[in-house]
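Input: a single structure, listed below in structure tokens.
Not measured: the values here are computed from a predicted model. No hydrogens, no waters, no symmetry mates; every other heavy atom, side chains included, goes into these values.
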Amino acid sequence: MALSDLPLSYCTNVHPGRSLAEVDRGLDEYTAPLRTNYGAPLAAGLWLAAPVIAELVAGPAELPRFRDGLARRNLTCHTVNAFPYGDFHSRRVKENVYLPDWSDRRRLDYTIDCARVLAALLPDGVEGSISTVPLAFKGFTHAGDHLDRCAAQLVETAVALDRLQQETGRLVRLAIEPEPYCLVETTDEAIDFFEKVWRQAGSDAALAATRRHLGLCYDVCHQAVEFEDIPTSIGKLVARGVRINKVHITCALELESPGSNEAGCQALAAYVEERYLHQTLARSKSGAILRQIDLTADLALRPPAEFREAEAWRIHFHVPVNAEHLGPLRTTRQELRQALETVAGLDYAPHLEVETYTWEVLPGRPSSSTPQLLIDGLTGEMLATRQLLAAMKAAKK
């Protein structure tokens, strides 16, 4: 039985966090009330953007103060989201969220600083995890040696994490998060890249550090959007020695039978928005997977023939994980159940984190000016997830 017994985590990237003051405000306005509603130990899966990390490491006082503030709010932290480097709540984020990529020294330095911060926040005896970008965005132009440069910097990061463990006694693992239309998006691409990293490790010590500290963040929404069979996907990762360090408990949107589902197409058009990228994949009747880089009104309402004739579409739009359907649209909650059931059979326990960051851009938009709507939505997600996990644990006994 490998479902984590650590407090369930939710990712704070749902709140603005462009400064340390803004992070603190989000913890007070949203996380602390959520902890009260949840009625059980709760972990904050902290999103700490590069400017926030810079504040935390700038002097000797800020990090202890921040750690004490978590304790005062009865919160713990064992995982950090270091995927968005900069402003994740600007008017337009889209493909900029993947910058800087893993060929850029800024990404390495930021990640190591995140690890140092997390090591100071970890409860005694608890391992830490950090999720990060899947190398780079496929829509950008890359040099011929781009993957090699990414691999080299990740090996260097693993060695630095190994050194951090020796210095502090805290084990922090990095979790590369596959995502549609990125250089690592499918399970097979993830396996291929990890094997490249292991080959490039160089020394036995670097290889050991890489295997210990580098793994995957399995975002269920992302792999469901790829139309991957979730148990098979996880089984392939395990068989090839790729460790799952973190699971993002997430659901995607699904549009079934788009050619004859006018209500579904109309409903999907309401999800078009300007902040985040919503990669849209379709499975044809032959089983081929078709890709569009983003969800647009034209795609939803006037799709090209191959999309119109597909069996189903899946859209990278994180929707509440306690929903089976949203009007005429389905969610991939069934795939989420499959992922958790499969993870429960591992011989180790990945960190579990609910990560629905899109509440403010959902149709109906519970905006930051109405915090209670967001608190209620997050509470529903967390209670439903706790119930789902408890049922799975009971079934395993």
Side-chain angles (χ1 to χ4, degrees), residues 6-38 40-89 106-132 157 160-161 163-165 167-175 217 245-246 351-355 357 368 371 374-375 378 382:
L6 291 172
L8 186 60
S9 180
Y10 93 101
C11 188
T12 65
N13 64 356
V14 67
H15 319 305
R18 291 157 285 207
S19 67
L20 188 53
E22 202 166 41
V23 171
D24 275 325
R25 187 158 59 248
L27 292 172
D28 286 333
E29 291 184 0
Y30 301 104
T31 316
L34 174 60
R35 167 68 174 81
T36 299
N37 290 352
Y38 189 58
L42 178 70
L46 294 170
W47 164 52
L48 300 173
V52 178
I53 289 293
E55 288 187 68
L56 285 171
V57 302
E62 284 298 342
L63 185 50
R65 183 201 65 79
F66 184 69
R67 182 184 59 218
D68 293 345
L70 288 176
R72 186 178 65 253
R73 299 178 182 100
N74 293 315
L75 299 168
T76 58
C77 175
H78 54 264
T79 188
V80 163
N81 187 332
F83 194 129
Y85 178 92
D87 187 357
F88 196 51
H89 287 261
R106 290 175 296 168
R107 177 63 67 175
L108 183 154
D109 292 340
Y110 163 61
T111 303
I112 293 172
D113 283 343
C114 283
R116 292 193 174 279
V117 168
L118 180 57
L121 300 178
L122 283 174
D124 290 341
V126 173
E127 296 179 3
S129 64
I130 299 174
S131 48
T132 188
T157 302
L161 293 176
R163 190 180 309 118
L164 178 66
Q165 183 180 5
E167 294 169 357
T168 66
R170 304 299 178 96
L171 173 57
V172 176
R173 302 183 195 268
L174 188 61
C217 175
N245 291 333
K246 182 176 181 178
H351 291 160
L352 303 177
E353 178 176 77
V354 175
E355 198 223 13
Y357 58 82
S368 56
L374 180 54
I375 293 166
L378 292 171
M382 296 299 287

- Task: With sequence neighbours left out, write down each residue that passes side-chain hydrogen bond (donor to acceptor under 3.5 Å, both in side chains) with Arg170, or none if nothing qualifies.
- Result: Asp124
- Looking only at heavy atoms, which two atoms of Ala115 and Leu161 are closest? And how far apart? CB-CD2, 3.4 Å
- Item | Where at least one partner belongs to residues 111-121, residue pairs that pass salt bridge (charged side-chain N to carboxylate O under 4.0 Å, His left out), sequence neighbours excluded | Arg116-Glu167
- According to the salt bridge (charged side-chain N to carboxylate O under 4.0 Å, His left out) rule, which pairs have a member within residues 41-52, sequence neighbours left out? none
- Task: Could I get the full list of side-chain hydrogen bond (donor to acceptor under 3.5 Å, both in side chains) partners for Arg163, not counting sequence neighbours?
- Result: none
- Message: Tell me every residue that passes side-chain hydrogen bond (donor to acceptor under 3.5 Å, both in side chains) with Tyr10, counting only those two or more places apart in sequence or in another chain.
- Response: His15, Thr31
- Query: Once you round to the nearest 0.5 Å, how far does OG of Ser129 lie from CG of Asn81?
  - Reply: 9.5 Å
- Would you say the side chain of Thr132 lies within less than 4.5 Å of the side chain of Tyr110, judging by non-hydrogen atoms? no
- Query: Passes side chain to side chain contact (heavy atoms under 4.5 Å, CB included), Asn245 versus Leu174? Steps please.
  - Reply: CA-CA 7 Å; Asn245 291 333; Leu174 188 61; 5.8 Å; no
- Task: Quick one: do Val52 and Trp47 satisfy side chain to side chain contact (heavy atoms under 4.5 Å, CB included)? Show the steps, please.
- Result: CA-CA 9 Å; Val52 178; Trp47 164 52; over 6 Å; no
- Rounded to the nearest 0.5 Å, how far apart are CD1 of Ile112 and CD1 of Ile130? 9.5 Å
- Item | Smallest separation among heavy atoms of Pro7 and Ala43, with atom names | O-CB, 3.7 Å
- Mind checking whether Leu122 and Thr168 have side chains closer than 4.5 Å, heavy atoms only? no
- Are Thr12 and Val23 side-chain neighbours, meaning at least one heavy-atom pair lies under 4.5 Å? no
- Say you draw a straight line from CZ of Arg25 to CG of Leu20; how long is it, rounded to the nearest 0.5 Å? 11.0 Å
- Task: Return the minimal non-hydrogen interatomic distance between His89 and Val14, and the atom names on each side.
- Result: CE1-O, 3.2 Å
- Item | Closest contact, heavy atoms only, Ala44 versus Ser9 | C-OG, 3.9 Å
- Task: Go through the side-chain N and O atoms of Lys246 and Ser131 and say whether any donor and acceptor fall under 3.5 Å apart.
- Result: yes
- Message: Could you work out, with ring pair (Phe, Tyr, Trp, His ring centres under 6.0 Å) as the rule, every residue matching His78, not counting sequence neighbours?
- Response: His351
- Query: What salt bridge (charged side-chain N to carboxylate O under 4.0 Å, His left out) pairs are there with at least one residue in residues 9-20, not counting sequence neighbours?
  - Reply: Arg18-Glu22, Arg18-Asp87
- Message: Between Leu352 and Leu6, is the side chain to side chain contact (heavy atoms under 4.5 Å, CB included) condition met? List the steps.
- Response: CA-CA 8 Å; Leu352 303 177; Leu6 291 172; over 6 Å; no
- Task: Check side chain to side chain contact (heavy atoms under 4.5 Å, CB included) between Ala40 and all other residues, then give those that pass, not counting sequence neighbours.
- Result: Tyr38, Arg386
Contacts table for residues 67-77: side-chain donor-acceptor under 3.5 angstrom, sequence neighbours left out:
{"residue": "Arg73", "atom": "NE", "partner": "Asp28", "partner atom": "OD1", "Å": "2.8"}
{"residue": "Arg73", "atom": "NH1", "partner": "Gly69", "partner atom": "O", "Å": "3.2"}
{"residue": "Arg73", "atom": "NH2", "partner": "Asp28", "partner atom": "OD1", "Å": "3.2"}

- Item | Min side-chain heavy-atom separation Leu378-Val354 under 4.5 Å | no
- Task: Check each of Leu164, Val172, Thr79 against Leu118 using the side-chain contact (heavy atoms from CB on, under 4.5 Å) test, and report the only one that passes.
- Result: Val172
- Item | Distance in Å, Leu42 CG paired with Met382 CE, rounded so as to fall on 0.5 Å steps | 5.0 Å
- Message: For Glu55, give me all partners under salt bridge (Lys or Arg N to Asp or Glu O under 4.0 Å), at least two apart in sequence or on another chain.
- Response: none
- Item | side-chain hydrogen bond (donor to acceptor under 3.5 Å, both in side chains) partners of Arg107, counting only residues at least two apart | none
- Task: Check ring pair (Phe, Tyr, Trp, His ring centres under 6.0 Å) between Tyr357 and all other residues, then give those that pass, not counting sequence neighbours.
- Result: Phe88, Tyr276, His318
- Message: Under the criterion side chain to side chain contact (heavy atoms under 4.5 Å, CB included), I'd like the reasoning laid out for Leu121 against Val80: C-alpha separation, chi angles, the key distance, then a yes or no.
- Response: CA-CA 10 Å; Leu121 300 178; Val80 163; 5.6 Å; no
